[in-house]
Amino acid sequence: MGDREAKELLAKAEKKANYNGWFGGKKYDEAAELYVSAANSLKLAKKWKEAGDAFMKAADMQIRAEERDEASSTFISASKCYKKSNPEDAINSLKMAIEILTERGRFHAAAGHQKDIAQIYESDLIDIERAMNSYELAADWYSGEEATAMANNCYLKVAAFAAQLEQYDKAIEKFEQVANASMDNNLTKWSLKEYFLKAGLCHIATNDIVGAQRALERYQDMDVTFSSTREYKFLQSIMEAIDSGDLEAFTNQVFEFDQLTKLDNWKTTMLLRIKKSINEEPTLT
């Protein structure tokens, strides 16, 4: 269907939306169906904003017709169109869907769409702080529904972004929270050394070597195998280099670790921050 057909459908939808029959009769259901048809026609024409607008009008009609569950699905359809044209509009339509889902007690579904919002902030709008907050809300809802794996995936995003924003205490808390949740699961406990490494780097980034050492001792208590890992030995070696102010030793340890276990961008950023503080006095509290 082309633009002309879409315009005709929209005109019919407007007429139905404004219809006021005898005894106050309304035709919101029929208007909603016409708006959805128009939206789909506009999708075929790749007119994403116009399609999103039509879905939003359809959802408004569904709400007026007291069909809130259908409206939530229509808001989500709108968000998929807006995502191709205006990420902010996509977020707003998702929030409207989430409001309905949470009032219905459908927190697992709400969490999924809250995660979609987080991904838009992360990838489209490059707003790390709002992405972090959105992932955290999604994680809390997943956790409340006992969807532990999904919650942990979101909490790891929260931790990584918190560290990027130099909110190290929050990052440490979330990395340790996921580690605790992973200890008794045979599928996830192999990841403990990675979570401990990241939490350890956050501790070191605060320039609190004593606190970092205490953290490593706690991690050994949580996982008796941790002290035999390359991650544990790497953290110990860079703490020794920092404690002695030995920049060359620090650089060598980072190089050797990277040779066997390629450092990702997040760890590289953290290590560069730590490197800058090598010549500063560590806090002994």
Side-chain angles (χ1 to χ4, degrees), residues 98 101-102 105-119 121-123 128 131-165 167-206 211-239 257-258 260-271:
I98 288 167
L101 291 168
T102 54
R106 296 176 58 195
F107 287 98
H108 193 284
H113 296 303
Q114 187 63 39
K115 184 179 174 182
D116 291 338
I117 289 175
Q119 289 170 337
Y121 279 129
E122 177 184 1
S123 302
I128 298 304
M132 176 183 74
N133 293 334
S134 297
Y135 275 119
E136 186 165 18
L137 182 54
D140 290 344
W141 284 342
Y142 276 134
S143 183
E145 296 297 296
E146 297 188 359
T148 305
M150 291 177 173
N152 286 345
N153 286 338
C154 291
Y155 282 133
L156 289 172
K157 285 280 195 179
V158 175
F161 288 143
Q164 281 181 246
L165 295 165
Q167 297 177 18
Y168 295 121
D169 288 344
K170 185 183 186 79
I172 291 164
E173 176 195 342
K174 296 305 177 187
F175 281 130
E176 292 183 354
Q177 181 179 335
V178 174
N180 268 311
S182 304
M183 283 172 56
D184 298 324
N185 187 322
N186 288 331
L187 295 175
T188 57
K189 66 181 182 181
W190 63 272
S191 297
L192 287 174
K193 62 184 181 180
E194 173 76 359
Y195 307 148
F196 292 150
L197 172 60
K198 289 181 174 179
L201 290 174
C202 290
H203 272 291
I204 295 168
T206 67
Q213 189 62 57
R214 287 175 183 153
L216 288 197
E217 290 168 6
R218 279 193 294 107
Y219 301 158
Q220 288 178 79
D221 291 337
M222 290 169 69
D223 178 12
V224 293
T225 68
F226 181 54
S227 59
S228 64
T229 64
R230 293 190 65 249
E231 287 77 6
Y232 172 83
K233 292 168 184 174
F234 175 61
L235 288 169
Q236 283 286 15
S237 66
I238 63 172
M239 283 196 296
F257 187 86
D258 185 52
L260 292 173
T261 308
K262 192 67 181 172
L263 291 166
D264 58 30
N265 290 338
W266 186 89
K267 294 190 193 83
T268 300
T269 298
M270 294 297 295
L271 288 162

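These numbers come from a predicted model, not from an experiment.
Taking each heavy atom of Y168 and A163 in turn, the nearest pair found is CE2-O, 3.6 Å. The shortest non-hydrogen separation linking S227 to K233 is O-CE, 4.0 Å. The two residues C154 and A138 come nearest to each other via the heavy atoms SG-CB, 4.2 Å. Heavy atoms only, all atoms of each residue included: A212 and I204 are closest at CB-CG1, 4.0 Å. Of all heavy-atom pairs between A205 and M270, the closest is CB-CE, 3.8 Å.
If you take CD1 on I128 and NZ on K157, they are separated by 8.5 Å, rounding to the nearest 0.5 Å. Atom NZ in K115 sits 13.0 Å away from atom OG in S134 (nearest 0.5 Å). Atoms CG and OH, from N153 and Y135 in turn, are 10.0 Å apart once rounded to the nearest 0.5 Å. For the atom pair NZ of K189 and CG of D184, the computed distance is 8.5 Å after rounding to the nearest 0.5 Å. The line from CG of D264 to OG1 of T268 is 6.5 Å long, rounded to the nearest 0.5 Å. Taking CG from N152 and OG1 from T188, the interatomic distance works out to 7.5 Å, rounded to the nearest 0.5 Å.
The closest side-chain heavy-atom distance from M132 to Y121 is not below 4.5 Å. In this structure, the side chains of Y232 and Q220 come closer than 4.5 Å at one or more pairs of heavy atoms. Between E145 and M150, the closest side-chain pair of non-hydrogen atoms is not below 4.5 Å. Side-chain contact check for L216 versus M239: some heavy-atom pair is nearer than 4.5 Å. Using a 4.5 Å cut-off on side-chain heavy atoms (C-beta onward), S143 and T148 make no contact. Two residues are said to be in side-chain contact when any heavy atoms from C-beta on lie closer than 4.5 Å; F196 and L235 fail this criterion. Between Y195 and K198, the closest side-chain pair of non-hydrogen atoms is not below 4.5 Å.
Every residue meeting the side-chain hydrogen bond (donor to acceptor under 3.5 Å, both in side chains) condition with S237, not counting sequence neighbours, appears here in chain and number order: Q253. Applying the side-chain hydrogen bond (donor to acceptor under 3.5 Å, both in side chains) criterion to T261, with sequence neighbours excluded, gives R230.
For E217, the CD atom is densely surrounded, since the number of other residues' heavy atoms within 6.0 Å is greater than 12. Residue N265 qualifies as open at atom CG: its count of foreign heavy atoms under 6.0 Å is 12 or below.
The aromatic rings of F234 and F257 lie parallel to each other, their planes meeting at an angle below 30°, with 60° marking the opposite boundary.
For the side chain to side chain contact (heavy atoms under 4.5 Å, CB included) with K193, the lone residue among T225, T229, D223 that qualifies is T229.
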Would you check, one step at a time, whether the test salt bridge (charged side-chain N to carboxylate O under 4.0 Å, His left out) holds for K267 with E194? CA-CA 11 Å; K267 294 190 193 83; E194 173 76 359; 2.9 Å; yes
If you apply the rule side chain to side chain contact (heavy atoms under 4.5 Å, CB included), what do you find for L271 with I238, and how did you get there? CA-CA 10 Å; L271 288 162; I238 63 172; 4.1 Å; yes
List the atom pairs, with distances to 0.1 Å, where a side-chain N or O of residues 171-178 and a protein N or O form a donor-acceptor pair under 3.5 Å, not counting sequence neighbours.
from, atom 1, to, atom 2, distance (Å)
K174, NZ, E136, OE2, 3.3
K174, NZ, Q177, OE1, 3.4
E176, OE2, R218, NH2, 3.1
E176, OE2, Y219, OH, 2.6

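A side-chain N or O of D140 and one of Y155 form a donor-acceptor pair less than 3.5 Å apart.
Although no hydrogens or angles enter the test, the distance criterion places no donor-acceptor pair under 3.5 Å between the side chain of W141 and the main chain of A110.
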